[in-house]
Amino acid sequence: MTTAPRQHITDPVGHLLHISMGVVVMATLRAALDCNIADELASGPKSAKELAAKAKVNEDALYRSLRVLTVEGIFEETAPGVFANTPVSEFLRAGHPARLRDNLLFSLSGFILRTYSEFNHALRTGQTCVEPAFGMSVFDYFPTNQQLNREFNNAMTAITSMVVPAVLETYDFSGMGTLCDVAGGHGFLLTSILAKHSDLHGILFDLEHVVDGAKERISSMGLAGRCKTASGDFFESVPAADSYIMKHIIHDWEESKAVAILRNCAKAMRGNGKILLVEAVLPGPNVPHSGKYLDLHMLVMPGGKERSENEYRELFAKAGLKLVRIVPNNSPLWVLEAVKA
């Protein structure tokens, strides 16, 4: 998935001023989500007074916030002070199959805004911004904030639910024996693969408190006989399996740590299996791609990075692996297939 292509800019001053107001758009869009505006408008247009009363917020502040979002094409003001949904705001509704709401709640969180307020630290040092903003690493901070942790996990599941159908449609997992999903979270990816390929067995590997949350899903899908869980630290070791898959994991880490994870997978892998990464693959200069934006999230939060095909090829080589092919699909994340060199 790419961002919109760059258009010829006829008003450079206006363009730059609009970009400088990005924090206003972020804040008002988050407010609309917190106030469930899109869901409230599902039955038809409503006034800012009605919406504010339902959300228990200030009417004038809400009106002025929604007015900004009409400029952005998210809502429509059908009469003075009266707002309606648009095809864009429909995606903000709870329960929409695209699950964009879950993604946006994390992306528009105060955590993100505060982290980016320290961006100059990353620019000067190349280090993450979470430590100067919160006094600890991102993965140490999440468990201290239950709401943020929930929003992060929901966002990751939302991304997975968007990516998995495209991956299953374009990549054939049959014949892989036992597939280990390293840092597989609550098992959405692995259980989806096992549900489609009845010949496979799976191991869901993550931290103990994470995989505990996957057991209900595994059981409810009737996969308990073919999918087991295991916990541990992937920097130390991973369970033995025939092949491995990781979605949006390697991009979290700088080179030495990414290589360590890949080496542990290669060391534990039985026979001539495959190591699969589901990641963004960055295109060349001036080509729009959402991964170029996400790359800065990796810089300021965990300290990782998004990579190009050549960068992944070099990363695999340092772990004793060889990139065999990249399988594209219509999602932002493609499958990179590697084998032992």
Side-chain angles (χ1 to χ4, degrees), residues 94-95 97-99 102-103 139 142-143 146 149-250 252 261-262 264-279 327 329 331 333 335-338:
R99 296 195 63 173
D102 285 335
N103 199 326
F139 293 122
F142 281 164
Q146 290 186 359
N149 198 43
R150 182 170 58 252
E151 289 178 358
F152 173 74
N153 286 325
N154 288 342
M156 296 305 99
T157 300
I159 292 172
T160 303
S161 67
M162 175 176 64
V163 168
V164 165
V167 169
L168 289 176
E169 182 180 348
T170 53
Y171 190 88
D172 184 8
F173 290 91
S174 59
M176 285 193 167
T178 297
L179 178 65
C180 179
D181 188 353
V182 176
H186 289 173
F188 192 100
L189 173 61
L190 182 60
T191 54
S192 299
I193 294 171
L194 296 179
K196 181 174 181 180
H197 298 278
S198 59
D199 62 314
L200 298 187
H201 286 74
I203 303 172
L204 181 66
F205 179 72
D206 211 313
L207 299 174
E208 185 174 3
H209 75 274
V210 177
V211 295
D212 283 346
K215 292 176 181 178
E216 182 179 347
R217 177 179 177 84
I218 293 169
S219 177
S220 67
M221 293 181 67
L223 295 171
R226 290 195 290 125
C227 185
K228 66 179 183 179
T229 63
S231 60
D233 181 350
F234 54 29
F235 290 120
E236 298 296 328
S237 65
V238 299
D242 298 310
S243 289
Y244 295 83
I245 189 167
M246 287 173 274
K247 181 196 70 67
H248 252 180
I249 301 303
I250 293 300
D252 283 339
I261 298 169
L262 292 170
N264 284 338
C265 292
K267 180 179 179 181
M269 186 164 60
R270 298 189 290 253
N272 298 314
K274 298 173 181 177
I275 294 179
L276 308 175
L277 303 185
V278 183
E279 297 278 6
V327 182
N329 57 58
S331 85
L333 309 183
V335 176
L336 297 95
E337 179 184 293

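- Annotation: the span from Leu189 atom CG to Thr157 atom OG1 amounts to 11.0 Å, rounded to 0.5 Å.
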Stepwise side-chain contact (heavy atoms from CB on, under 4.5 Å) test for Ile193 and Met176: CA-CA 11 Å; Ile193 294 171; Met176 285 193 167; over 6 Å; no
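- When the side-chain contact (heavy atoms from CB on, under 4.5 Å) test is applied to Asp252, the partners found at least two apart in sequence or on another chain are Phe139, Met298, Pro302.
- Within the structure, the side-chain hydrogen bond (donor to acceptor under 3.5 Å, both in side chains) test picks out the following pairs touching residues 185-196 (sequence neighbours left out): Thr191-Arg217.
- A side-chain hydrogen bond (donor to acceptor under 3.5 Å, both in side chains) check over residues 231-250, counting only residues at least two apart or in different chains, returns the pairs Thr160-Lys247, Asp242-Arg270.
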side-chain contact (heavy atoms from CB on, under 4.5 Å) assessment of Leu194 paired with Phe173: CA-CA 9 Å; Leu194 296 179; Phe173 290 91; over 6 Å; no
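- Taking CD1 of Ile218 as the start and SG of Cys227 as the end, the distance is 4.0 Å to the nearest 0.5 Å.
- Ala195 meets the side-chain contact (heavy atoms from CB on, under 4.5 Å) test with Met221; sequence neighbours excluded.
- Remark: Ala155 engages Phe106 in a side-chain contact (heavy atoms from CB on, under 4.5 Å) (not counting sequence neighbours).
- The minimum heavy-atom distance linking Ala268 with Pro239 is given by the pair CB-O, 3.8 Å.
- The nearest pair of heavy atoms linking Ile250 to Glu279 is N-OE2, 3.1 Å.
- For Arg226, the salt bridge (Lys or Arg N to Asp or Glu O under 4.0 Å) criterion is met by no residue, not counting sequence neighbours.
- Met156 contributes atom CE, which lies 10.5 Å from atom CG of Asp102 (distance to the nearest 0.5 angstrom).
- For Asn264 (side chain) and Phe234 (main-chain N/O), a donor-acceptor pair under 3.5 Å exists by modelled atom type.
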Could you pull out every donor-acceptor pair under 3.5 Å between side chains of residues 199-211 and any protein atom, sequence neighbours left out?
unit_1 : atom_1 : unit_2 : atom_2 : d
Asp199 : OD2    : Gly175 : N      : 2.9
Asp206 : OD2    : Gly184 : N      : 3.4
Asp206 : OD2    : Gly185 : N      : 2.9

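- Phe188 meets the ring-ring contact (aromatic ring centres under 6.0 Å, His included) test with no other residue; sequence neighbours excluded.
- Proximity of Arg99 to Met162: side-chain heavy atoms (C-beta onward) are nowhere separated by under 4.5 Å.
- Not counting sequence neighbours, the partners of Glu151 by the side-chain hydrogen bond (donor to acceptor under 3.5 Å, both in side chains) test are Arg30, Gln147.
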Stepwise side-chain contact (heavy atoms from CB on, under 4.5 Å) test for Val335 and Val167: CA-CA 7 Å; Val335 176; Val167 169; 3.8 Å; yes
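- For Ser174, the side-chain hydrogen bond (donor to acceptor under 3.5 Å, both in side chains) criterion is met by Asp172, not counting sequence neighbours.
- Taking Glu337 as the reference, Tyr171, Arg325 meet the side-chain hydrogen bond (donor to acceptor under 3.5 Å, both in side chains) condition, with sequence neighbours excluded.
- Pairing each heavy atom of Ser161 with each of Ala158, the nearest pair is OG-O, 2.7 Å.
- In this structure, CG in Leu223 is found 8.5 Å from CG in Leu190, a value given to the nearest 0.5 Å.
- Nearest approach of Cys265 to Val182, heavy atoms of both residues: SG-CG2, 4.1 Å.
- Residues passing the side-chain hydrogen bond (donor to acceptor under 3.5 Å, both in side chains) test with Lys215 are Asp212, sequence neighbours excluded.
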